[in-house]
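Reviewing the structure listed below.
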Amino acid sequence: MCAKLKVCPGIDNCKRAQQDALSLGLVLDELYHGMQLPSKFKMAVSGCMNSCSEPAVRDIGVMGTPRGFTLLAGGNAGIRPRIGDVVAEGLDESEVLEMVDRIIEFYMSSAKKYRLGRLIDDIGLEAFKSEIGLL
Ligand code: SF4
């Protein structure tokens, strides 16, 4: 399955934006769009907590806040929806990119053929955070 990305219009096009979602989204798109991963894998970036690109129900969701980006992992919509877990807050763009890289590396190394949220449920959020270097 290949990675897909959804991004809200960005700081130049929405007066509510608190972070530049479009700039970050373009970098993520360049790095990951079409990348083959073990299961369906969706990402979203929003410029504020209104979450128009729905980051809480994406495998990786990034949400702009007044204090930087909040990173969520393991969300999905569908028959059994799951809200992503907040794994880090107050990140700048380079910190988001580093964390996304670690999450995808861990997900690929797990070789599980199911969504990231189920993997987090299997091992537990604390263990997941530890695997990606947050604990
Ligand atoms: S999430 Fe915020 S910044 Fe993005 S389009 Fe919606 S209101 Fe605008």
Side-chain angles (χ1 to χ4, degrees):
M1 299 273 187
C2 62
K4 293 181 180 167
L5 179 75
K6 187 175 181 181
V7 183
C8 81
I11 207 155
D12 293 332
N13 299 300
C14 179
K15 63 178 191 259
R16 293 193 174 89
Q18 292 164 329
Q19 301 294 332
D20 194 351
L22 191 56
S23 166
L24 176 57
L26 287 171
V27 178
L28 288 169
D29 190 64
E30 179 80 19
L31 290 169
Y32 300 113
H33 184 82
M35 184 179 197
Q36 291 299 315
L37 289 164
S39 183
K40 193 184 286 187
F41 200 90
K42 297 184 177 182
M43 292 190 261
V45 187
S46 71
C48 79
M49 294 170 77
N50 283 324
S51 297
C52 297
S53 57
E54 303 175 330
V57 287
R58 297 291 182 267
D59 298 276
I60 289 178
V62 187
M63 186 172 64
T65 77
R67 291 170 300 285
F69 289 105
T70 294
L71 180 65
L72 301 104
N76 59 262
I79 293 172
R80 282 190 288 175
R82 183 185 192 280
I83 301 296
D85 296 298
V86 174
V87 294
E89 296 177 279
L91 304 177
D92 63 23
E93 185 172 311
S94 65
E95 290 170 325
V96 170
L97 292 170
E98 186 179 333
M99 293 309 310
V100 170
D101 185 59
R102 286 192 217 164
I103 290 170
I104 288 183
E105 198 170 298
F106 170 64
Y107 182 51
M108 290 181 75
S109 72
S110 77
K112 299 295 186 194
K113 297 280 184 203
Y114 44 73
R115 299 288 287 266
L116 180 63
R118 190 169 150 203
L119 175 59
I120 295 171
D121 287 340
D122 276 359
I123 68 172
L125 182 58
E126 296 306 296
F128 174 71
K129 284 181 170 181
S130 174
E131 290 285 354
I132 61 170
L134 284 172
L135 295 178

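Nothing fancy with the numbering, it's 1 onward along the sequence. Remember, it's 1-based here, ligands and their atoms both numbered in the order they're listed.
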Excluding water, the protein N, O or S atoms sitting under 2.8 Å from atom 6 (Fe) of ligand 1 are C52 SG

The single option from L97, L22, V45 that satisfies side-chain contact (heavy atoms from CB on, under 4.5 Å) with V27 is L97

Full working for ring pair (Phe, Tyr, Trp, His ring centres under 6.0 Å) between F41 and Y107: CA-CA 10 Å; F41 200 90; Y107 182 51; 5.3 Å; yes

In short, S46 meets C8 closest at the heavy-atom pair CA-SG, 3.7 Å

Output for pair (L26 CG, L31 CG), nearest 0.5 Å, gives 11.0 Å

Is it true that E54 and K6 make a salt bridge, defined as a side-chain N closer than 4.0 Å to a carboxylate O?
-> yes

Test item: Q19 side-chain N/O and T65 main-chain N/O as donor-acceptor pair under 3.5 Å
yes

